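Below, each value reflects all heavy atoms present in this structure, side chains not excepted, and no hydrogens, waters or symmetry copies. Sequence lines set the chain letters: A, B, ... in the order given, protein chains first and strands last, and positions in each chain run from 1. Because the structure is predicted, anything quoted here is derived from the model rather than measured.
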2 protein chains.
Amino acid sequence: MEFFNKVGKMAIGSRLRMLTETMTDDAAQIYKLYDIDFQPKWFPVFYVLQEGGEFTITSIAKEIGHSHPSVSKIIAEMVKNGFVTEKKDKADGRRNMVSLSAKGREAGAKIQDQYTDVTGAVEELLSQANHDLWKAIEEWEYLLEQKTLLRRVQEHQKVRESNKVSIVPYEPQYATAFKALNEEWISKYFVMEEADYKALDNADSYIIDNGGLILVALYNDEPVGVCALLKMDDPDYDYELAKMAVSPKAQGKNIGFLLGQAIIEKAKALGGHKLYLESNTILKPAISLYHKLGFTKVAGRPSPYERANIQMELAL
Amino acid sequence: MEFFNKVGKMAIGSRLRMLTETMTDDAAQIYKLYDIDFQPKWFPVFYVLQEGGEFTITSIAKEIGHSHPSVSKIIAEMVKNGFVTEKKDKADGRRNMVSLSAKGREAGAKIQDQYTDVTGAVEELLSQANHDLWKAIEEWEYLLEQKTLLRRVQEHQKVRESNKVSIVPYEPQYATAFKALNEEWISKYFVMEEADYKALDNADSYIIDNGGLILVALYNDEPVGVCALLKMDDPDYDYELAKMAVSPKAQGKNIGFLLGQAIIEKAKALGGHKLYLESNTILKPAISLYHKLGFTKVAGRPSPYERANIQMELAL
DNA sequence: TATAATTGCGTAATTAGTTACATAATTAAT
DNA sequence: ATTAATTATGTAACTAATTACGCAATTATA
């Protein structure tokens, strides 16, 4: 398969599908070798029934890992071909009790030889290969059960996206972004207040000149997130984390966390001991981000903002 | 998958199918992560088109190992979604020349990140496993190309069936079988001749008492094949291989070969140096069996049988 | 230069599974 | 003792591929 070498590992799904297909194509003809009128897809169901006794549709489905409609259809076909008999359970009227018929048991005896030959052929293949396909499948089943492929891809995506993000100090060129990004979420959930305009229109004089600072998150050199550290005049706290905003277009890239981490580092470097912040419980992702950064809830304090209904702090 | 441990290696096909399924189920959701409106099944076709330039339906199908109707349908869907443009080839009116549209190329740029993330996730999985699934698949593809699973199973069947066959010396109880098995094929292709009746009705006096012998092949204790070694009164040959017959019901169990081998061994043990046989070229399987046993064609000699049109010999 | 064979490709039917939904029977909970 | 939730099953619709088939365009051949 030249194609797969070009595409690389990401096509492992397609490659598996094709290998499966070449094998199942042969399966139909293998049954013919043993002159049993038998469809390969019946095999797992048949195998379970050979254990003897009666089974319900769902118990078979669960055992072989198929959906129950699949088993239902297969049983219908096997009944039609006389391999299987079904009868309603007297104790539980929903149950369709299924078992091998005389003809089914007879076919089972015939099929034993086939089992040994196919197992022999597969084992021969396994022994001729250096890499154990059987065990490799087993491992992948386990690994994917632990963490799905989707989750794994998601994690890779996150790391890669994070690497594209850089956190830089505020510069006058980011003044409009600082205002726009904050105005975006504030006016979406609340209304812009007097204190907002003061801070957003005069970042330099109001925040930086007062001993605070602003960090900007760049993604492809575009400012997509901002966060400010305000000097507080308070016996309990040194700084306030405020004006954290991330563009909705840049969600899922971990930008909020990276900004928060960087701001905390800055606060530490400036000799701060305790951080403070205000927010609103309606902003669930923000609150959970603050939690992740280590902030804990504290009792209410007066705030210049209408919208503040929760306060948090973090000891550095 | 408890079931597979019970069933064993012969269910490797089903097991592969399930692994494939869990992976392709995730694939659809992975595309959503990159907000491209893209179906996973388009991927191989898309990948080929990304090489740039125009392709025909069949060339794509060949490249990715799908059937052409499959590619035809996928292209139709991609055209509908604006990823692909098609136009008839002017030089060859049958050809449907297919290439990426502007939107397609744009999606291609977006998808690059996905390629790296998926490849990364798969490589992570491969590195976490002790048995290399990727290489194992590659090996199986190769091994199955060399010899299909069907062929391998067939060979195992043959060996197993051969083991059920035993070659025993003639006893009077096999007299009827000796005649019946031979009469069956002779009267099917030719007519019974005087010499046939003489030999078949008087095996003891005509064959054994004259220094020859008969071997019988038993399958489940039933005589299903016979073969005679006749003492010849000839300067060139010691014995003639004759009256070889195998029941059509017992075909494909290698019985002819086993009988032939055993007869040759007997001839050697009796001190013979050269064997002779007569047959008819209409009996193709028989002739090729004699070849396999080492017999070579020789120039004609007089025969008591009408039907003999080929003579063969074997130096022991 | 007709005629036959090959090639390209689309449509239809089939396959072996799936999910979604409906219904009846049983079990649990108030 | 109702009512709600769960379980067992079947039917219908969908999916992603396949084979079978037919038609038109091109190429090879006598």
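- Atom NZ of A:Lys62 and atom C1' of D:dT7 are 12 Å apart (whole Å).
- Across all their heavy atoms, A:Gly53 and A:Ser99 have their closest contact at O-CB, 3.5 Å.
- If you check C:dA12, C:dG17, D:dT9 against the side chain of A:Ile74, the one that comes closest is C:dG17.
- The interatomic distance linking B:His66 (NE2) with D:dA16 (P) rounds to 12 Å, in whole Å.
- For A:Arg95, no side-chain nitrogen or oxygen approaches OP1 or OP2 of D:dT9 to under 4.0 Å.
- Listed pair A:Ser72 / D:dT9 fails the phosphate criterion, with no side-chain N or O lying under 4.0 Å from OP1 or OP2.
- Summarising the geometry, the separation between NZ on A:Lys87 and C1' on D:dA8 is reported as 17 Å, rounded to the nearest angstrom.
- Set against C:dC9, C:dT19, D:dG10, the side chain of A:Glu86 has D:dG10 as its closest nucleotide.
- Within the 3.5 Å criterion, the main-chain N or O of B:His68 finds no donor-acceptor partner in the side chain of B:Ser72.
- For the pair A:Asp89 CG and C:dA25 P, the interatomic distance rounds to 13 Å; values are reported in whole Å.
- Nearer the 5' end of DNA chain C, as judged by each residue's closest nucleotide, is the contact made by B:Thr56, out of B:Thr56 and A:Lys90.
- Taking atom CG of B:Leu16 as the reference point, atom P of C:dG17 lies 14 Å away to the nearest angstrom.
- Donor-acceptor pairing under 3.5 Å, judged by distance alone, is present between the side chain of B:Lys73 and the base of D:dT18.
- With values rounded to the nearest 0.5 angstrom, B:Leu16 atom CG is found 12.5 Å from A:Arg17 atom CZ.
- Between B:Asp25 and B:Asp92, the residue anchored nearer the 5' end of DNA chain C, judged by the nucleotide with its closest heavy atom, is B:Asp92.
- One finds a side-chain N or O of A:Ser70 lying less than 4.0 angstrom from the OP1 or OP2 phosphate oxygen of C:dT18.
- Exactly one residue among A:Phe55, A:Trp42, A:Tyr115 makes a ring-ring contact (aromatic ring centres under 6.0 Å, His included) with A:Tyr47. That residue is A:Tyr115.
- Close placement of the B:Phe83 and B:Phe38 rings is indicated, their centers lying within 6.0 Å of each other.
- Within the structure, every side-chain polar atom (N or O) of A:Gln39 is placed at least 4.0 Å from both OP1 and OP2 of C:dT15.
- Of the residues near DNA chain D, A:Glu21 and A:Met97, the one whose nearest nucleotide (by heavy atom distance) lies more toward the 5' end is A:Met97.
- Mapping B:Lys41 and B:His68 onto DNA chain D by nearest heavy atom places B:Lys41 at the nucleotide closer to the 5' end.
- Considering only side-chain atoms of B:Pro69, the nucleotide from C:dT18, C:dA16, C:dT11 that sits closest is C:dT11.
- OP1 or OP2 of C:dC9 lies within a sub-4.0 Å distance of a side-chain N or O belonging to B:Thr58.
- Here the nucleotide nearest the side chain of A:Arg94, chosen from D:dT7, C:dG17, D:dA25, is D:dT7.
- Here B:Asn96 does not reach the OP1 or OP2 of C:dG8: none of its side-chain N or O atoms lies under 4.0 Å away.
- Within 4.0 Å (heavy atoms only), A:Ala91 reaches sugar-phosphate atoms of the nucleic acid but no base atom.
- One atom, NZ of B:Lys88, and another, P of D:dT26, lie 10 Å apart when rounded to the nearest Å.
- Other residues, nucleotides and ligands contribute more than 12 heavy atoms inside 6.0 Å of the NZ atom of B:Lys88.
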